[in-house]
> 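Dropping a structure here in structure tokens format, bear with me for questions.
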Protein chains: 2
Amino acid sequence: MGAGGSGDDERLARVALGRVIEPGDGTALRVFEGLGVVEIWERLRRKETGTERWGPRVDAAQPERDLERGAAAGARFVIPGDDEWPEQLDVLDEAGRVSRRAGAPFGLWVRGAGLLQAAVERSVAVVGARACSAYGEHVAGELASGLAESGYAVVSGGAYGIDAAAHRGVLAADGVTVAVLACGVDVSYPRSNSALFSRIVERGLVVSELPPGCSPTKLRFLSRNRLIAAGSLGTVVIEAAVRSGALNSAGWAEQCGRPVLAVPGPITSRMSAGTHVLVRERDAVLVTNVAEIIEAVSPLGSGLTPYPHSPTTPFDELSHELRRVLDAVPVNHPVPATRIAVTAGLDLPTTQAALQALAALSLTHRSPTGWHLPPPT
Amino acid sequence: MGAGGSGDDERLARVALGRVIEPGDGTALRVFEGLGVVEIWERLRRKETGTERWGPRVDAAQPERDLERGAAAGARFVIPGDDEWPEQLDVLDEAGRVSRRAGAPFGLWVRGAGLLQAAVERSVAVVGARACSAYGEHVAGELASGLAESGYAVVSGGAYGIDAAAHRGVLAADGVTVAVLACGVDVSYPRSNSALFSRIVERGLVVSELPPGCSPTKLRFLSRNRLIAAGSLGTVVIEAAVRSGALNSAGWAEQCGRPVLAVPGPITSRMSAGTHVLVRERDAVLVTNVAEIIEAVSPLGSGLTPYPHSPTTPFDELSHELRRVLDAVPVNHPVPATRIAVTAGLDLPTTQAALQALAALSLTHRSPTGWHLPPPT
């Protein structure tokens, strides 16, 4: 739905529509297709034919009151065209791209010091199970800290489990984290995360498309996930059961053309089953550390991680023949070169030359009765 | 190298060549290219120019004695053309396919009751780290047991750690397991696995291309890995450090055109780093259970595993509208439909119809003062 109208009219209309039209309301997208937000709000207020569905909420809507209530809670209402509007959310309005239940939000309620666009333009979503394991919680915290230290903001959902661990990991690294809620930004859900939300607001942002006072519902969690996916460069799923909200987030990321990254875990853990399905069935990129995440969310060819080689050993540098001779040299009791030649399966001159070469590298040792390995240093 | 010669001549020549020419000796493959085994052995015995390299071992070779020694240890020497020769090893001789250090073995020393070809024609290799974790050991045992129960033999290397756990898992399921050693079949290496080898021989097989009495070397482990990869339908890597023999096995499997399957694990475990590299960098198939392994080693389109769905809930079957109304119904304190309509963001008639429909499914409950969820059963 386009802008239409300007300034305060448009802002008030967007506040009202955010109160009246439920996120993911496909009927609204269809009925009001092509209309500006001021026009939509007018039609709803005039109770035009075809808008009965929204009647009860229209009667209850008080956009000016919502703005006051938001301000009292330290929240501002950010709309398209504002400096801090994250334009990457426009992908949600691209026809044919995302499901008809999507749609960009009418506006976003934002609490916190930073500017939303600046926070999310270089951000990664880290999501996962509420009922995560100790492993998942540890990994979420570590990866989120590492992303923060590498200059990435971390977007998550403010839930128990993986979400909270990710937010905390960022806070521990003095980074920026963004919690996108499925309720009003003045509502602490889950209640026991309220101290966490207060800390997030100090350096980061708490965001929602739902007006102040709204409670979360199952459908609101699912709609909220589209904002996390569209608002970040890629979505990392840490732990997820086979059916879970985290996989719903991954689905939104796919639709938005953002990479889906999956962290593996023990195959004995039900909580890692979902991330393994993402790799097996849905082409998610398996990631095991921060560098691999950054590579996956960076433009093609930049941010590449080195192939994880361990340091090479002197053994690696030897020719096949030298390795065969070295393999044939005993640890303790010296043996003559003739016997080493038989063991190595090489002629005597070749064997002797190899023994000399290995001695020069301090890999063999010659004693009066023959050759052996040097004592360990 | 072709057969050439027949019957006892060829068998003796192959025994002798197995003693004289080290597995992976690229020079031998080059010098003797196109010659039959009897002819090669003749040239070596006559000390022809260009064969000096193998002189010391030729002098020491006693093929008849090796056969006696093998027989005394309960081992037979199986060569191409024998009924129990596993023809899938021929892939190791395909020009341009595998590295020039490969080559099919001259013959295989075999201990055990069954026929080698019958044991390996429906087999999966299960390999991994010696210094595995408790997780890896558990998973190796479980997957190997499951493969045995599904009628697959399990091929592995008889080493500590993953290999031993895989062999034991098969034995626990009364299945067939094949240990391919990097030393003589009469040599117990590692020594503490000797009881395991005795048990393997009772129902399965212990196999090596190296003649009786031979000790293992680093290079022999690497060459042995090609037999494990070529002899099975696919190679499952359970745990592996980034530099490890298990990744060498995976490399051989790739060259032989056999699928490489990798079991994920915690990203916090160094022992799972190698399997994650296989998935990320080398297109290994991530597998988490026996069914997925069987799917990957079965001909295309057979042995498919179902997508791992959890059972659906009544909630899944509801329309979007019914879900919104259900979300808006309070748990305990009944509220009137008018208030549910506002919460759900729908008009009153739609809301009332939805509440009736949900009541018919026993998902809502009507009391004198309004609607609420039914008490938990």
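Protein chains get the first letters and strands the later ones, always in sequence-line order, with residue 1 at the start of each.
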> Where on B:V58 is there a heavy atom nearer than 4.5 Å to chain A: the side chain, the backbone, both, or neither?
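The answer is neither part of B:V58.
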> Among B:V287, B:D59, B:T217, B:V285, who wins on heavy-atom pairs under 4.5 Å with chain A?
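That would be B:T217.
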> Does any N or O in the side chain of A:S244 come within less than 3.5 Å of the main-chain N or O of A:A240, such that one atom is a donor and the other an acceptor?
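Checked: no pair found.
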> Checking heavy atoms, do the side chain of B:V342, its backbone, both or neither come under 4.5 Å from chain A?
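B:V342 touches chain A through backbone and side-chain heavy atoms alike.
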> Less than 4.5 Å to any heavy atom of chain A: does that hold for the side chain of B:R339, its backbone, both, or neither?
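Neither part; nothing is under 4.5 Å.
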> If we define contacts as heavy-atom pairs under 4.5 Å, which of A:T338, A:V139, A:L286, A:V263 has the most with chain B?
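That would be A:L286.
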> What part of B:A344 lies closer than 4.5 angstrom to a heavy atom of chain A: side chain, backbone, both or neither?
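Backbone only.
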> Any side-chain to backbone donor/acceptor pair from B:H320 onto A:G26? Under 3.5 Å, distance only.
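Not confirmed, B:H320 side chain does not pair with A:G26 backbone.
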> Given a strict heavy-atom distance threshold of 4.5 Å, which part of B:L348 is in contact with chain A: side chain, backbone, both, or neither?
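Only the backbone of B:L348 comes within 4.5 Å of chain A.
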> Side chain, backbone, both or neither: which part of B:E142 has a non-hydrogen atom closer than 4.5 Å to chain A?
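Neither part.
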> Testing A:L326, A:V329, A:T364 one by one against A:I340 for a side chain to side chain contact (heavy atoms under 4.5 Å, CB included), which residue passes?
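Filter result, single survivor: A:V329.
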> Flag the one option from A:R53, A:R324, A:E52 with the top tally of heavy-atom pairs under 4.5 Å to chain B.
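Top option by heavy-atom pairs under 4.5 Å: A:R53.
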> Which residue pairs pass the side-chain hydrogen bond (donor to acceptor under 3.5 Å, both in side chains) test when at least one of the two sits in residues 342-355 of chain A, sequence neighbours left out?
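side-chain hydrogen bond (donor to acceptor under 3.5 Å, both in side chains) check on residues 342-355 of chain A returns A:D347-A:T350.
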> Less than 3.5 Å apart, any donor N or O on the side chain of B:S133 or B:E239 sitting next to an acceptor on the other?
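Side chains of B:S133 and B:E239: pair found under 3.5 Å.
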> Less than 6.0 angstrom separating the ring centers of A:F32 and A:W54, yes or no?
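Between A:W54 and A:F32, which both carry aromatic rings, the centre distance is below 6.0 Å.
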> Has A:T51 got a side-chain atom pairing as donor or acceptor with A:E48's backbone, closer than 3.5 angstrom?
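Confirmed, A:T51 side chain pairs with A:E48 backbone.
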